[in-house]
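The sequence lines fix the lettering, A, B, ..., with proteins before strands; numbering per chain opens at 1.
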Amino acid sequence: MPARNESQWRATPPLQEGEWIDSRIYSDREIFEEENEKIFKHVWVPVCHESELPKPYDFRTTSIGREPVIICRGPDNQIRAFLNVCPHRGMLIERRPSGSFLEGQPSGNPTRITCMFHAWQFDLKGNCVYVAREKEGYQDRLCKENVGLRRLRCEVKFGGFVWVNLDDNPSVSLEDWASKPFQCLRQTLEEEPLEVFHYHKAVIGTNYKLWHDTNSEFYHDFMHYHNRVTGFNDAYFARKNEAFDHGHVVVGTFEVNYANYEGFESRAELSFPHLPPNQWYMIDLFPGFNFNLRGSALRVDVVTPLGPDEVMIEFRGLGLKSDTPEERMTRINHHNSIWGPFGRNLHEDLIGVAGQGTTMRPGTEPRNILHGRQENQTIHDENGMRHYYDEWGRWMNRSPREPDKAYSPSQAVAAE
Amino acid sequence: MPSYSLETVLAVRETIYRATLALDDQRWEDWLALCSPDFHYAITSFSPEINKDMIYLQGDYKDMENMVRMLPKHNTDHSPLHRHTSVYTVDIADDGRSAEALSSVVFFQNMLDGTNSHIDSGESRLFLLGRYIDTLKVEDGIAMFVKREVRLDNRRLDKGSHWPL
């Protein structure tokens with residue numbers, strides 16, 4: 001077909017329902033605000049890894065759905081999460097990304113979580129243990145026992161990741177929510193402790209779902225010279241995209257031929273436990289978390305949506321805690337040669353989603369975004385995205401294809 | 001100060017500044033020509049988030065040679081980088097045959113494609129901040145890189161880059 005006029009451009013594509021969506025779900029501010037309320041404040045989020053808080057009194061800060069969160073390891077070695085908000089006047093309690101409460105602060109004592117503003121102090125279980133001039137100000141009307149921190153659901157699971165849910169009563173337990181997609185790697189990730197060795201972040205002018213789409217569709221491997229030369233063979237094209245309840249997808253493995261890329265090497269000798277050499281698994285969890293294991297290194301992406309057209313992506317790289325220095329260095333090189341900020345693939349992926357973000361700014365025309373490739377649920381089939389958007393529609397009660405209308409199960413997805 | 005020191009300092013500074021120009025101009029072979037065959041390159045940073053020193057990229061001369069040779073096969077952001085390098089200190093070894101230099105470096109990105117070239121192109125943005133921590137060997141008055149660590153302050157790297165810094 002030659003280039004199309006406007007009505008042709010906007011016409012319904014010759015695909016089944018569920019095989020395309022409306023770009024407004026990537027650009028509409030109202031939809032974005034609704035996503036924060038309806039999705040991000042009710043899902044399990046892998047906020048960090050336990051190795052980022054190795055010692056009692058260590059902490060990390062993060063945020064979910066604009067709510068600041070602090071994660072602490074208590075003297076009892078338990079990891080807990082709280083809103084990082086002082087119950088007094090709403091001050092952000094801890095401002096640093098990480099640290100230790102064993103260090104005293106100008107306003108407070110060691111071993112306490114101290115709000116610098118008025119010196120209220122809390123223990124590592126979130127109990128308020130000190131209110132400055134308590135009796136003088138509050139007499140018998142309010143006391144420490146009334147003003148503990150807001151505790152959050154927090155579990156350490158699936159390879160030592162710290163999962164937090166802002167919802168006190170999540171609709172499903174973490175185990176039930178993610179155990180099936182993690183089944184392919186659970187033994188591998190839980191055989192021995194893991195350790196984070198890499199962290200960086202990207203703030204990209206695009207919608208968070210577009211990043212998750214990129215992680216769950218592999219058709220874009222045409223963009224990556226590295227993936228074409230190390231991957232495109234019969235085993236690659238036979239990789240399965242398997243859909244799981246709750247909108248999750250797992251991309252099955254195959255053996256990658258790293259040595260086909262000039263200057264790269266096989267990763268066979270440092271495979272994670274229980275894996276044959278040079279395997280590549282990908283677990284995509286709704287609504288935007290990705291666990292990506294390429295034989296010797298694990299990469300984990302966590303999205304924090306900042307607006308309809310802006311997302312922060314945190315990238316972590318992990319190896320085995322038991323690594324020798326030489327093994328760790330090799331894992332770092334394997335991780336970064338492809339996935340580092342100066343590696344061969346990540347830069348290209350980010351250019352891709354930034355380009356999508358440019359065409360889908362708030363106020364741009366609604367367009368059809370196609371998710372209609374059908375290849376028997378193998379690697380270039382787009383069933384992963386179809387499955388994701390069916391789940392998205394369910395949470396939002398909006399049709400991904402016509403977001404002004406209520407959700408109804410997609411026939412195309414139901415058929416899969 | 002031994003009589004050879006000033007000349008050696010100047011040779012070291014000359015090599016660092018020539019490397020900056022070669023990298024800015026994407027004359028990768030000219031940059032590698034300033035590096036010794038036993039050259040080692042690394043981009044590093046410290047992450048207070050995970051409380052660890054990190055290596056974002058590293059390789060020897062051959063790795064860097066491979067990397068730049070493969071660049072035409074890779075999609076990339078075309079916005080050129082412009083480095084502002086200031087050599088702060090040059091310390092010459094007692095035998096005058098090697099030196100360590102510390103430079104401040106600021107990377108600006110002169111947008112070309114950017115996110116939307118119609119709007120972004122022609123604008124310069126601060127891209128990265130850091131230091132060059134260099135070890136050079138000096139022979140016959142010529143300084144060559146043996147080791148370069150690009151020590152970044154940044155952990156927010158957005159789209160990153162395919163190019164050596």
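- Per-residue heavy-atom pair counts under 4.5 Å with chain A were compared for B:I119, B:I55, B:D53, and the maximum is reached by B:I55.
- Residues A:M312 and B:R156 form no side-chain contact, since every pair of their non-hydrogen atoms from C-beta on lies 4.5 Å or further apart.
- Side chain of A:R60 to main chain of B:E49: a donor-acceptor pair is present (N/O by atom type, distance under 3.5 Å, no hydrogens or angles).
- Under the 30°/60° scheme for interplanar angles, the aromatic rings of A:F342 and B:Y56 are found to be tilted.
- Only the side chain of B:L71 has a heavy atom closer than 4.5 Å to any heavy atom of chain A.
- Contact of the A:M329 side chain with the B:Q58 side chain is registered, since non-hydrogen atoms from C-beta on lie closer than 4.5 Å.
- Among A:R344, A:H200, A:E314, the residue with the largest count of heavy-atom pairs under 4.5 Å with chain B is A:R344.
- Remark: the backbone N or O of B:T115 is paired with a side-chain donor or acceptor of A:T358 at under 3.5 angstrom.
- Note on A:L350, A:T206, A:I313, A:T61: by heavy-atom pairs under 4.5 Å with chain B, the leading option is A:L350.
- Using modelled atom types and a 3.5 Å distance limit, the side chains of B:N51 and A:E52 yield no donor-acceptor pair.
- With hydrogens and angles ignored, the 3.5 Å screen pairs a side-chain donor or acceptor of A:H347 with a backbone N or O of B:K159.
- Heavy-atom distances place both the backbone and the side chain of B:L157 under 4.5 Å from chain A.
- Looking at B:H162 and A:E348, their side chains come closer than 4.5 Å, going by heavy atoms from C-beta outward.
- Considering only heavy-atom pairs separated by less than 4.5 Å from chain A, the leading option among B:D77, B:L165, B:N116 is B:D77.
- The most heavy-atom pairs under 4.5 Å with chain B, out of A:L53, A:I332, A:V196, come from A:V196.
- Side-chain contact between B:K52 and A:E195: present, with at least one pair of heavy atoms (C-beta onward) separated by less than 4.5 Å.
- Chosen from A:L346, A:D58, A:N333, the residue pairing most often with chain B at heavy-atom distances under 4.5 Å is A:N333.
- With a 4.5 Å cut-off on non-hydrogen atoms, B:D158 touches chain A through its backbone and its side chain both.
- Heavy-atom minimum distance, A:Y225 versus B:M70: CE2-CE, 3.5 Å.
- To the nearest 0.5 Å, atom CE of residue B:M54 and atom CG of residue A:N336 are 9.0 Å apart.
- Heavy atoms of B:S47 lying under 4.5 Å from chain A belong exclusively to its side chain.
- Among B:N75, B:N66, B:L57, the residue making the largest number of heavy-atom pairs under 4.5 Å with chain A is B:N75.
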